[in-house]
Amino acid sequence: MPPLVIEAEELDPLPSAWLSERCRVERCGAGEARFGALLAEAEGLIVRSYTRVDGALLSRAPRLRVVGRAGVALESIDVPACRARGVEVVHTPGANTRAVVEYVAALLADALRPRVYLDRAVPDEEWHRYRRELVAPKQMDELTLGIWGFGRIGSAVARLGAALDMRVMYHELLEIPPARRAGATPVGVDRLLSESDVLTIHVDYRESNRGLLSADALARCGPEVLILNTSRGLVVDHAALAAFLRANPRARAVIDVHDPNEPIRADHPLLGLPNARLTPHLAACTETAKRNMSWVVRDVWRVLSGERPECPAPNLA
Ligand code: MLT
């Protein structure tokens, strides 16, 4: 009998079909009534961002051998609890790097180049008013791009900044060899915060990064900084960011990832602020990235076949 694998969140059809040729695949969200019965039999479980895999779920999954995370971040999966029960966890680092970098490019263009799209012929006066008012105060080649976290995505964002002739600096705990810096300058956190015109965050989801962009860190940022967060919601203290944006009306933030809740609730501290823009965790949303992430099924199958997976989850503190 082929092993039962639950797809708890939507995958791209191609990898999903590939898995169905090898396993019994059931598509069933954790909130559905039949999930418990399936979980009792399942040997594999595939999730994306919104299924919590914790001790409680594991205790209902006595036959589980592998959890596949279609994506990078693992904060919704208790990896040590899985491993303690002999359940391997696999994920897809790198699958959405290009998509996230493109999204950062889109946010930069939106924030730094004001524009209007015409859907009709406009009177002369309106035309010329747009040309008077929609003027970027600075070109990108006059701005400093600060990158907090210089892993796969951070370093690719540095190449983007370099291509736009921005002055690029980064802060990273690991030593990056000069050949991999893409021309960016390593700096301490103080310099990063105080000199960045655009501060973009690309650290990972580990708990020790919680609240990294704190009230204290924000106090060191310039009053016109543009803050982008496409990494993880837990990295930003959203209440502190709201206070900073109120006190500095020319500062702006575009926040794609949220904590503690996605979807966000009505009491999100940044809602209603004119200089905060919230997006619904879209950075990895390209068809290509979705397909790349969904190929986690290969590692799921490797584990179920008794082979070593290519991308086991790291043990992050
Ligand atoms: C990730 O951690 O890779 C992203 O959250 C994936 C996603 O957006 O689904």
Side-chain angles (χ1 to χ4, degrees), residues 6-16 19 27 29-31 45-54 66-79 82 88-107 147-157 200-210 212-213 228-236 238 254-264 268 277-300 309-317:
I6 306 175
E7 276 181 22
E9 293 177 66
E10 196 198 353
L11 298 185
D12 179 85
L14 193 69
S16 182
L19 188 66
R27 289 169 194 102
L45 172 65
I46 302 181
V47 302
R48 292 187 58 192
S49 302
Y50 299 109
T51 307
R52 178 152 292 283
V53 180
D54 54 14
V66 58
V67 175
R69 159 70 160 112
V72 185
L74 293 155
E75 74 270 51
S76 58
I77 301 176
D78 187 338
V79 177
C82 288
E88 184 53 285
V89 182
V90 293
H91 69 149
T92 58
N96 56 34
T97 302
R98 297 307 320 165
V100 177
V101 174
E102 274 185 19
Y103 195 71
V104 171
L107 298 184
I147 303 172
W148 201 340
F150 208 73
R152 260 183 227 93
I153 296 176
S155 56
V157 169
T200 182
I201 307 178
H202 299 290
V203 299
D204 65 35
Y205 57 89
R206 75 187 75 195
E207 197 51 36
S208 52
N209 282 335
R210 183 173 290 280
L212 208 59
L213 194 65
L228 310 178
N229 186 20
T230 52
S231 61
R232 292 333 269 179
L234 63 82
V235 166
V236 173
H238 289 123
V254 187
I255 303 295
D256 186 51
V257 281
H258 310 277
D259 183 77
N261 291 313
E262 285 190 16
I264 59 169
H268 193 298
R277 289 198 161 166
L278 309 183
T279 55
H281 200 145
L282 292 177
C285 288
T286 66
E287 290 292 350
T288 304
K290 185 176 169 190
R291 181 163 295 179
N292 292 344
M293 294 188 282
S294 300
W295 279 115
V296 74
V297 297
R298 287 201 179 106
D299 255 356
V300 167
E310 278 185 2
C311 297
N315 282 317
L316 296 184

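Positions are given from 1 along the sequence. What you see below is based on every heavy atom in this structure, not just the backbone, and it leaves out hydrogens, waters and symmetry mates. Order of listing sets the numbers, starting from 1, for every ligand and every atom in it.
- Remark: the backbone N or O of V235 is not paired with any side-chain donor or acceptor of N209 at under 3.5 angstrom.
- For the residue pair T230 and D256, no side-chain donor N or O sits within less than 3.5 Å of a side-chain acceptor on the partner.
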What's the verdict on side-chain contact (heavy atoms from CB on, under 4.5 Å) for N96 and N292, showing C-alpha distance, side-chain angles and the deciding distance? CA-CA 7 Å; N96 56 34; N292 292 344; over 6 Å; no
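- Within the structure, every pair that satisfies the salt bridge (charged side-chain N to carboxylate O under 4.0 Å, His left out) test and touches residues 68-77, not counting sequence neighbours, is listed here: E75-R232.
- The CD atom of E262 lies 7.0 Å from the OG atom of S49; values are rounded to the nearest 0.5 Å.
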side-chain contact (heavy atoms from CB on, under 4.5 Å) for T286 and R98? Distances and angles first, verdict last. CA-CA 9 Å; T286 66; R98 297 307 320 165; over 6 Å; no
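- Residues lining ligand 1 at a heavy-atom distance below 4.0 Å are given as R48, S49, R69, G71, V72, A73, N96, R232, H281, A284, M293, ordered by chain and residue number.
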